[in-house]
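Below is one structure; the comments refer to it alone.
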Amino acid sequence: MRTAPTQQPSTERTPHPAPPTGPGRPAPLASLGQVPWERLQDSTGSAAAIPELLERVAWGDPDTARAALDEVRKRICQYGFVVEQATAATVPFLWELAQLPQVSCRAQIVRLLENVARARQWENTAVAYPKLLNRRENHVVWERAARQAVHAGRGALPRLLSERDAETARAAAELARTLGE
């Protein structure tokens, strides 16, 4: 007796669903490819994986999105206060994702932005050890650039503060307080 062939799971990467766009509105995360991620450092070394993780946050189901965001957090704001070179480049995309209604973990994204805005690990350490400022990989500069990137995106706060999702609105209010808004 012959049996019907069974399909084997595909090892090919499936494309993400097409992002909703409107007239004159660019696709979300459209400029990810403009950042030289492979030349930036995150906590694992190369930040080359960050674009794919951000896409998973944008288009993944809730579990996939949260897992990807957790991985982004570990890479750009380890322990909730240690930023990396890739953090400043990642922040504008986090602001973008926080405003997309289809993203399931927007409140967590806003909290990550708040963690980055509060980060002063390297700056505080440099007060005690000023030689840190003379290193080729200047973490203090990375930290300041990351905080500036969060401040640069604060124009999104009014929209986030008026969110129907109470958790996102609360996180936005906390971020606004942190930014002095």
Determine all donor-acceptor pairs shorter than 3.5 Å in which one atom belongs to a side chain in residues 148-158; sequence neighbours excluded.
from: Arg154; atom 1: NE; to: Glu181; atom 2: OE2; distance (Å): 3.0
from: Arg154; atom 1: NH1; to: His151; atom 2: O; distance (Å): 2.7

Expected list for residues 73-80: side-chain donor-acceptor pairs under 3.5 angstrom, two or more places apart:
from: Arg75; atom 1: NE; to: Glu71; atom 2: OE2; distance (Å): 3.0
from: Arg75; atom 1: NH1; to: Asp42; atom 2: OD2; distance (Å): 2.8
from: Arg75; atom 1: NH1; to: Thr44; atom 2: OG1; distance (Å): 3.0

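Between Gln108 and Glu167, the closest heavy-atom pair is NE2-OE2, 3.8 Å. The shortest non-hydrogen separation linking Leu175 to Ala117 is CD1-CB, 4.4 Å. When all heavy atoms of Gly60 and Ala65 are compared, the closest pair comes out as O-CB, 4.1 Å. Of all heavy-atom pairs between Ala171 and Ala107, the closest is CB-O, 3.8 Å. Shortest non-hydrogen contact noted between Val57 and Cys105 is CG1-SG, 3.9 Å. The minimum heavy-atom distance between Leu161 and Ala172, with the atom names listed, is CD2-C, 3.6 Å.
The stretch residues 100-109 participates, sequence neighbours left out, in these salt bridge (charged side-chain N to carboxylate O under 4.0 Å, His left out) pairs: Arg106-Glu163.
Separating the CD atom in Glu84 from the CD atom in Glu143 is a distance of 10.5 Å, to the nearest 0.5 Å. Note that the OG1 atom of Thr90 and the CD atom of Gln85 stand 10.5 Å from one another [nearest 0.5 Å]. Distance CG/Leu32 to CZ/Phe93: 4.5 Å, rounded to 0.5 Å.
Here the rule is side-chain contact (heavy atoms from CB on, under 4.5 Å) with Val110, and of Leu94, Asn115, Leu160 only Leu160 fits it. Of the options Thr178, Leu179, Leu113, a side-chain contact (heavy atoms from CB on, under 4.5 Å) to Arg118 is made by Thr178 and by none of the others.
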Evaluate side-chain contact (heavy atoms from CB on, under 4.5 Å) for Arg177 paired with Glu114, printing each intermediate quantity in order.
CA-CA 9 Å; Arg177 280 191 291 278; Glu114 182 182 10; over 6 Å; no
Take Leu97 and Leu100 through the test side-chain contact (heavy atoms from CB on, under 4.5 Å) and record every step on the way to the result.
CA-CA 5 Å; Leu97 290 170; Leu100 296 175; 4.0 Å; yes
Trp37 vs Ser46, side-chain contact (heavy atoms from CB on, under 4.5 Å): CA-CA, chis, key distance, verdict:
CA-CA 7 Å; Trp37 297 103; Ser46 171; over 6 Å; no
Would you check, one step at a time, whether the test side-chain contact (heavy atoms from CB on, under 4.5 Å) holds for Trp59 with Gln102?
CA-CA 8 Å; Trp59 308 115; Gln102 78 270 14; 3.0 Å; yes
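The backbone N or O of Leu29 lies less than 3.5 Å from a partner atom in the side chain of Glu96, making a donor-acceptor pair.
With sequence neighbours left out, the side-chain hydrogen bond (donor to acceptor under 3.5 Å, both in side chains) criterion links Asp70 to no other residue. Here Glu174 pairs with nothing under the salt bridge (charged side-chain N to carboxylate O under 4.0 Å, His left out) rule; sequence neighbours left out. Not counting sequence neighbours, Asp63 has no partner by the side-chain hydrogen bond (donor to acceptor under 3.5 Å, both in side chains) test.
Looking only at side-chain heavy atoms (C-beta outward), Val141 and Arg144 stay at 4.5 Å or farther from each other. The side-chain heavy atoms of Gln41 and Trp142, taken from C-beta on, include a pair separated by under 4.5 Å.
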